[in-house]
Amino acid sequence: MALAVYNDLTRKKETFEPIEKGKVKFYTCGPTVYDFFHIGNARPFVLFDVFRRYLESIGYEVTFVQNFTDIDDKMIRRANETGITVPELADKFIAEYFEDADSLGIKRATLHPRATHEMDEIIKIVSKLIEKGHAYERNGDVYFSVSSFPEYGKLSKQGIDDLRSGARIEVDERKNDPLDFALWKASKPEEPSWESPWGKGRPGWHIECSAMATKYLGNSIDIHGGGSDLIFPHHENEIAQSECASGCQFVKYWLHNAYLMIDKEKMSKSLGNFMTVRNIRKKFNPLVIRYFLLSAHYRSPINFSKEGLDQAQSALERINNCYTDLNFAVLNRKPCGKDDALSEAVLKASKGYTDAMDDDFNTAGALGCVFDVVRAVNVHLTENNGFCEEGIKSAKDFLVKVNSVFGFFPPESSLNSDEEIDGLLAERAEARKCKNFKRSDEIRDLLAEKGIIIEDTAQGARWKRQI
RNA sequence: GGCGGCAUAGCCAAGCGGUAAGGCAGAGGACUGCAAAUCCUCCAUCCCCGGUCCGAAUCCGGGUGCCGCCUCCA
């Protein structure tokens, strides 16, 4: 089976065929860097990271672009409130973004362009839209003329008239049509501004993505991702701008993730019901958050709760334990006879994993296959004193392959080494030999306080860090 | 008003026409000096009502409930 993705443009699941064979041009909307991001924002970041990794794992060369919106009303307001400049604010929260994103195991994009570094490109595309009659200038503002693009609404499946009648936007005298949107905004005196043919100003929100996507990926890109709330107006407007400017189809596959909910409501900055990743990290390992976000299909809403994270933590521990046990067994046991049951289980799960991921990135289904292998490995390790080299190798290869996409544990080795801990373990082993269980338990408790968990096995004690 | 999503065990969650994956929690048992980890066993007929079909959680019609977008928003 080949990879199929649900395309919001056609509202159908389609076989994925990139424009250029073997290569994928992938753009996803990044954060506006005026604050820490919350776990709802983290959902697309993690999701599209996994999609990108999966595409790479099945052999595609992926150019992955994620922008930073570093100039807009919110940036200006926040900078004013905190008494720093907009660029300072942007630099700070780009750094904070990377700290959280790195902790979530999100790979750096191929490129992370910033809106304010792309003014030439933005001005170029706005000029072009004016030239081609798709935009008009009004006192330093430039607006896109929605009526000049008959296909407007094709992503959100809304006719222009429906949009007009449902519009809750205020009537703006400067616009020809209430649906027209700003490509360029004249700046007020104290605001950051850039020189342009229309005077000093700054770009509208939508135009930066069109400019950056086009500059780095070309007129037509394969995948554009983002949260469902961006479908309208953001992505609809991107399409209008890009397609009017280039005359080409802007995006082949539009992918949107469903929201993260809290108390049956969408988590959002404006509702104030958000939990930042930075904050959750104080209580949970960020990879637990990552697991949690991948435990449901990306087009289904997911409900945030402490219980949900607790469950994710236990599940993730089960996977990690298995990987640790497996590596421990290889180092401390002797090979034994073949175990066909193990090999077969891995083979079956491996196929199931691929089928699930090929089916519109069904991460939840894929995880089920991972646990099938976990169970098979555990059973094998329980039923044998040694280990089946072939079976264990295939299981390990599978787990490593999955991990290259899901990113649940450090790939090198899960086995820890630490002089101090190893010393205490040796002392404990000696104590246990002499049936000095008091001392033995003291050492275990001592390490437990440091988050080190000891497990006794037939091959001696091993330890791991609490997730 | 327009467009769209969701409803599967105590909780989370796959499945999308062939007789309910997986995880968490729980109960009992095994192993252990005690633990932990692990193993074994147990734990659902899929919101309701009709219909199509040999066969439906899966398709169609009608309900009920919840949510989202149409304004900044991942």
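Residue numbers start from 1 in every chain, and the chains themselves are labelled A, B, ... in the order their sequence lines are given, proteins ahead of strands. Just so it is clear, the values below take in all heavy atoms, side chains as well, and ignore hydrogens, waters and symmetry mates. Owing to the predicted nature of the structure, the values given are computational and were not obtained by experimental measurement.
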> Rounded to the Å, how far apart are A:Arg333 CZ and B:U38 P?
Replying inline: 14 Å

> Can a side chain N or O of A:Asn303 be found less than 4.0 Å away from OP1 or OP2 on B:C12?
Replying inline: no

>> When you compare the side chain of A:Ile443 with that of A:Arg439, does any pair of heavy atoms fall below 4.5 Å?
In response: yes

>> Please verify the inter-ring angle class for A:Phe51 with A:Phe48; under 30° counts as parallel, over 60° as perpendicular, anything in between as tilted.
In response: perpendicular

> Of all residues at least two apart in sequence or in a different chain, which pass the side-chain contact (heavy atoms from CB on, under 4.5 Å) check with A:Arg108?
Replying inline: A:Phe98, A:Asp102, A:His112

> How would you list, by chain and number, every residue that makes a side-chain hydrogen bond (donor to acceptor under 3.5 Å, both in side chains) with A:Tyr97, sequence neighbours excluded?
Replying inline: A:Gln66

> Nearest-Å distance, NE2 (A:His297) to C1' (B:A21)?
Replying inline: 16 Å

Anything under 3.5 Å between a protein N or O and an N or O of nucleotides 4-7 of chain B, put it in a table, one pair a line.
| from | atom 1 | to | atom 2 | distance (Å) |
| --- | --- | --- | --- | --- |
| B:G4 | OP1 | A:Arg11 | NH1 | 3.3 |

> Among pairs that include at least one residue of residues 375-388 of chain A, which meet side chain to side chain donor-acceptor pair (under 3.5 Å), considering only residues two or more places apart or in two chains?
Replying inline: none

> Can we call the ring centroids of A:Phe93 and A:Phe36 under 6.0 Å apart?
Replying inline: yes

>> Please pick, from B:A37, B:C69, B:U71, the nucleotide with the shortest atom-to-atom distance to any side-chain atom of A:Lys464.
In response: B:A37

>> Using a 4.0 Å heavy-atom cut-off to protein, can you give one letter per nucleotide of nucleotides 23-35 of chain B, 5' to 3': B if the base is in contact, S if only the sugar-phosphate is, - if neither?
In response: BBS-------BBB

> Expressed in angstrom and rounded to an integer, what is the separation of A:Leu163 atom CG from B:G2 atom P?
Replying inline: 14 Å

> To the nearest Å, how far apart are A:Ile231 CD1 and B:C3 C1'?
Replying inline: 10 Å

> In residues 268-276 of chain A, which residues come under 4.0 Å of RNA chain B by heavy atom?
Replying inline: A:Ser268, A:Ser270

>> Testing A:Arg462, A:Lys464, A:Arg333 one by one against A:Asp325 for a salt bridge (Lys or Arg N to Asp or Glu O under 4.0 Å), which residue passes?
In response: A:Arg462

> Using purine N1 to pyrimidine N3 plus N6-O4 or O6-N4 for Watson-Crick, or N1-O2 and O6-N3 for G-U wobble, each under 3.5 Å, what pairs with B:C3?
Replying inline: B:G68

>> Does a side-chain N or O of A:Asn378 approach OP1 or OP2 of B:C39 to a distance below 4.0 Å, or not?
In response: yes

